[in-house]
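Step one of this worksheet: look at the structure below.
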Amino acid sequence: MLQKDDLQLHFFEFKNLVPAENYGQIYIRTTSIENLYNTFIENKVPIHPNGNLAEKPWGQKEFSILDPDSNLITFGEAMN
């Protein structure tokens, strides 16, 4: 389980999963994305090689990580 403030994510074991073949992903909308990103960096959470914090053409600031089973977890905040 991962917790940050009032947000909790629960992960479950799937013994038959082959991580290299996993295409699972989730998108989490958040606020203060720079603070969240910096917290991940400070805690040495690996950022996806193509997932550094960036402004996207679709109006979101986003960054991504991979969990140990290669699930893509993207965090985004609307740009105003």
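The chain is numbered in sequence order, starting from 1. Hydrogens, waters and symmetry mates play no part in the numbers below; they use all other heavy atoms, side chains included.
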Side chains of E34 and K61: closer than 4.5 Å at any heavy-atom pair? yes

Under the ring-ring contact (aromatic ring centres under 6.0 Å, His included) test, which residues partner Y37, sequence neighbours left out? F63

Is there a continuous path of hydrophobic side-chain contacts, each under 4.5 Å between heavy atoms, that joins L36 to L2? yes

Verify side chain to side chain contact (heavy atoms under 4.5 Å, CB included) between I26 and I28, making sure each step is shown before the conclusion. CA-CA 7 Å; I26 61 172; I28 300 171; 3.8 Å; yes

Should L53 and I47 be regarded as members of a common hydrophobic cluster, given that ILVMFWY residues are connected when their side-chain heavy atoms come within less than 4.5 Å of each other, either directly or indirectly? yes

Supply the atom-to-atom distance T30 OG1 to E62 CD, rounded to the nearest 0.5 angstrom. 12.0 Å

Check whether any side-chain heavy atom of Q25 sits under 4.5 Å from a side-chain heavy atom of N71, and report yes or no. no

Note, Y27 side chain near I73 side chain (heavy atom, < 4.5 Å): no

Atom NZ in K4, atom CZ in F40: separation rounded to 0.5 Å? 8.5 Å

Spacing of CD1 belonging to I33 relative to CD belonging to E55, to within rounding of 0.5 Å: 10.5 Å

Is there a side-chain contact between L66 and H48 in this structure, where contact means two heavy atoms from C-beta onward sitting under 4.5 Å apart? yes

Nearest heavy-atom approach of L72 to S64 is CD1-CB, 3.7 Å

Side chain to side chain contact (heavy atoms under 4.5 Å, CB included) between E77 and R29, intermediate numbers included: CA-CA 6 Å; E77 178 180 8; R29 294 186 185 271; over 6 Å; no

